[in-house]
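See structure below.
Sequence lines set the chain letters: A, B, ... in the order given, protein chains first and strands last, and positions in each chain run from 1.
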There are 2 protein chains.
Amino acid sequence: MKSDNKQRALTQLQRRILSLDLAPGQALDEVVLCQQYGLSRTPLREVLQRLAGQGYVQLTMHRGAHVSSMDMVTMRNFFQTAPMVYAAISRLAVEHASADQLVTLKKIQMRFRRAVSNAAVADMVEQNHRFHEAIGEMAASPYLSPSLERLLIDHTRMSHRFYRSALSGANSQVDVACDQHDRLIAAIEKRCVSGAVAETLAHWELSRVEIDKYVQPDALPFDVLETADASESVG
Amino acid sequence: MKSDNKQRALTQLQRRILSLDLAPGQALDEVVLCQQYGLSRTPLREVLQRLAGQGYVQLTMHRGAHVSSMDMVTMRNFFQTAPMVYAAISRLAVEHASADQLVTLKKIQMRFRRAVSNAAVADMVEQNHRFHEAIGEMAASPYLSPSLERLLIDHTRMSHRFYRSALSGANSQVDVACDQHDRLIAAIEKRCVSGAVAETLAHWELSRVEIDKYVQPDALPFDVLETADASESVG
DNA sequence: GTCTGTCTTTTTGTATACATGTTGTATACT
DNA sequence: AGTATACAACATGTATACAAAAAGACAGAC
């Protein structure tokens, strides 16, 4: 069946973009992708259009598809928009979450925890993405979901170095994030709006600080010889 | 040039959906649209994919394209989401609006006023849509814009009867809305965030009340004989 | 009379050939 | 030597033919 290939191409390309295997701004060659996924150009182009609609890639006339870039302008917008949307999504999730969805969410969180204990960076990143995606699905908001998805695309791509810091650091922030996930699940299960929103904002703040550190990292110590692994822990 | 046809098809379909010329839920026949816009199926299908990405239509496997429907579930979500997004967009618009964009916005508002004085309902609806779309463009937020666009699609489609009420009513609410647009422009021009947000929320409230009235209209008077045009003014 | 299974018709999905536009390169001219 | 222009190579956009799937019609069984 060919529509399987199509679905697979869509999912795989999303994954490759989120994992930075396909770098922001990178050009995508239709013919190459056709061969990789066993599709002819027509359905592959439909996949690219879908990805463009979701914000993963950018299409320009006669110039093909490029992986969405993350420039400084969008960064500012990201910080302005993310907490509001995340909080709103959590609020709606509390209202609408079904028992099935909670089960799914807990499963994802289990996989996330396992990835953390295995120190599997790529897996952490992916499961964290899926965690927040699942909460977005709970919110069941056709209006807000597209914004959440776009935020998550860039947030996930920025989070790689955050999770990489878990490898070296002993008391890593990743464990804190993991606990926040648990408390968020509990709040949603108890239908506690204020708790869910508070936990969401705390989770955001943790992430924001880490990203901030990267954008404006601590000055290197004067004694340069001892800094070899210090730069790692900045994450 | 054929890409003109493609662009035209995209714009026209958007317009026809917003004007309710294409009703919510209505099926779209690819072949018919191909003939109407002078395109072959491949590019037309790309147009439909684009429209799906923007939320105008919904695509289902082996079942073609349908104009996005407006059911009760989405209505609730609409009321929950709209004020927050509208306020946030206005806030960002104040921050980012360029002189050129302000000129454009004023032009649209002029056309809107003209449509109001001409009692041209379809034109009012369209210019109002473009007005809020222009503010969305000012906000320059790749994350929030998709949500705004989706909200506007449904808001515009719901607003038809509101503007139709301007035809009969003497002291119509449409004039109030028009003045609110002017004050919003002024607030953006003065870079006054609080003013812009306040005006936006007032504008929303006006609209919300009207939609509410339609969803849950006033009970008809007991003296049924005198109600012939009373139902019109509810609009 | 209604339900169900199969065949026909219609519509959607895919592959491929062809047209059009863009990019890089080589050559000629300033 | 540097720049502009023409041409070639390549990538994207479009049309059309073909394959597959769904919807509808019809006949037969219960």
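Counted by atom type alone, Gln80(A) and Glu95(B) present one or more donor-acceptor pairs between their side chains at under 3.5 Å.
Within residues 22-37 of chain B, no residue places a heavy atom under 4.0 Å from DNA chain D.
Phosphate contact (OP1/OP2 of dT23(C), side-chain N/O of Arg63(A), threshold under 4.0 Å): present. The phosphate of dA15(D) has OP1 or OP2 within less than 4.0 Å of a side-chain N or O from Ser40(B). At dG13(D), one or more side-chain N or O atoms of Arg45(A) fall inside 4.0 Å of OP1 or OP2 (strictly under the cut-off).
A straight line from CG of Leu44(B) to P of dT16(D) spans 14 Å, rounded to a whole angstrom. One interatomic measurement links the two molecules: CG of Leu48(A) to P of dA11(D), which rounds to 15 Å at whole-angstrom precision. At whole-Å resolution of the value, CG in Asn5(A) and C1' in dT14(C) are 12 Å apart. Going from atom CD of Glu46(B) over to atom P of dG13(C) covers 14 Å, rounded to whole Å. Regarding Leu59(A), its CG atom lies at a distance of 14 Å from the C1' atom of dA11(D), rounded to whole Å. Atom CG in Leu39(B) sits about 12 Å away from atom P in dT16(D), given to the nearest Å. Distance NZ (Lys6(B)) to P (dA15(D)): 10 Å, rounded to an integer number of Å. Leu10(B) places its CG atom 16 Å from the C1' atom of dG13(D), with the value rounded to the nearest Å.
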Pair up each side-chain donor or acceptor in residues 47-55 of chain A with any protein partner under 3.5 Å, not counting sequence neighbours, and list the distances.
from: Gln49(A); atom 1: NE2; to: Glu46(B); atom 2: OE1; distance (Å): 3.0
from: Gln54(A); atom 1: OE1; to: Gln14(A); atom 2: NE2; distance (Å): 2.7

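Exactly one residue among His132(A), His203(A), His155(A) makes a side-chain hydrogen bond (donor to acceptor under 3.5 Å, both in side chains) with Tyr86(A). That residue is His155(A). A side-chain hydrogen bond (donor to acceptor under 3.5 Å, both in side chains) with Asp21(A) is found for one member of Arg15(A), Gln12(A), Arg16(A), Gln26(A) and no other, namely Arg16(A).
Remark: side-chain polar atoms of Ser69(A) are not paired, donor with acceptor, to backbone N or O of Pro24(A) under 3.5 angstrom.
Here Leu13(B) contributes atom CG and Gln36(B) contributes atom CD; the two are 8.0 Å apart, rounded to the nearest 0.5 Å.
Within the nucleic acid shown, Arg41(B) comes within 4.0 Å of at least one base atom, counting heavy atoms only.
Candidate nucleotides dA23(D), dT14(C), dT22(C) were compared by shortest atom distance to the side chain of His62(A), and dT22(C) ranks first. In this structure, of dA23(D), dT16(C), dG13(D), it is dG13(D) that holds the atom nearest to the side chain of Met61(A).
Using a cut-off of 4.0 Å between Lys/Arg side-chain N and Asp/Glu carboxylate O, Lys213(B) and Glu210(B) are scored as salt-bridged.
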